Amino acid sequence: MRIDAITIFPDYLRALDLSLIGKAARDGLISVHRHDLREWAHDRHRTVDDSPLGGGAGMVMKPEPWAEAFAAVIEQGKAELGPQAEPLIVFPNPAGQVFAQATAQEWSGREWILFACGRYEGIDERVYEHLEAAGHEIALVSLGDYVLNGGEVAVLALTEAIVRLVPGVVGNAESLVEESHSDGLLEYPLYTRPARWVDPAGAVREAPEILLSGDHGRIAAWRSERSAERTRERRPDLWDARD
Ligand SMILES: N#Cc1c(-c2ccc3ccn(Cc4ccc(CN5CCOCC5)cc4)c3c2)n[nH]c1N
């Protein structure tokens, strides 16, 4: 998988060189390419924003740098992947569809994802129109119903959610199966040693006896019950949406 990200804060995305994503890149499972949008802003101040037409607060990202950036980055990607390759262009956007595990699963099979990180109040609408008219596939996604200052945080989250599902990235693929949301339910409570823990307040806290029984059938049933109980209590929306 090739991942490109266009942003005015490329250093914000250096976290993609770390940990799981960084190792996947070093292992050749993915390649990550950061691009500074200001490279395609040609005035002396490398301006990428201007006041909103029609008035209003804040600034809007100008269409010209974005159009040039997309053309250049897509040309670079095609040079690597072949002239037929096409990116999925993803815009983190507060008005986008809330991103979910099913989408992460779907996008983990894509050859090429191009993230476009907006800032200010957003990107001139004609950029989306221009890309769609050129036949590109675009998606607007939101991390959730709260307000960020730009798309970079979302790109970090989206990339981790997607790339960890790319075959070979997570060592123990089995751990991906039992995760929260992978079956539409929340994960069961987790315990490790010591089985008997005296906490700093002096309270004795025992792990559930069943987990020490060695009876894997009963343990699986117990975990399933706890997962259902948690989902009902904490996420009735997920519980009600179950098949
Ligand atoms: N993913 C994700 C996000 C984002 C996100 C993603 C990308 C950009 C690019 C710019 N911003 C700032 C911004 C904040 C608020 C608003 C709303 N507008 C309503 C009408 O009045 C003007 C303001 C717009 C732009 C972004 C925020 N926020 N929350 C998520 N889950």
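What you are looking at is a predicted structure, and each value in this text was computed from that prediction instead of being measured. In each ligand, atom 1 is the first atom listed, and ligand 1 is the first ligand listed.
The two residues Arg38 and Ile8 make their nearest non-hydrogen contact at NH2-CD1, 4.0 Å.
The side-chain heavy atoms of Val141 and Val98, taken from C-beta on, include no pair separated by under 4.5 Å.
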For residues 190-202, please give each side-chain donor-acceptor pair under 3.5 Å, one per line with the distance, not counting sequence neighbours.
from, atom 1, to, atom 2, distance (Å)
Asp199, OD1, Ala201, N, 2.8
Asp199, OD1, Gly202, N, 3.0
Asp199, OD1, Ala203, N, 2.9
Asp199, OD2, Arg205, NE, 2.8
Asp199, OD2, Arg205, NH2, 3.2

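Put simply, the side chain of Arg230 never gets that close to the backbone of Leu186: no donor and acceptor are under 3.5 Å apart.
Around ligand 1, the residues contributing at least one heavy atom under 4.0 Å from the ligand are Pro92, Asn93, Pro94, Gly118, Arg119, Tyr120, Glu121, Val141, Ser142, Leu143, Gly144, Tyr146, Val147, Leu148, Asn149, Gly150, Gly151, Ala154.
Side-chain atoms of Glu64 and His42 form no donor-acceptor pair, as typed in the model, at a separation below 3.5 Å.
In summary, the aromatic rings of Trp66 and Tyr128 are positioned with their centroids too far apart to meet the 6.0 Å limit.
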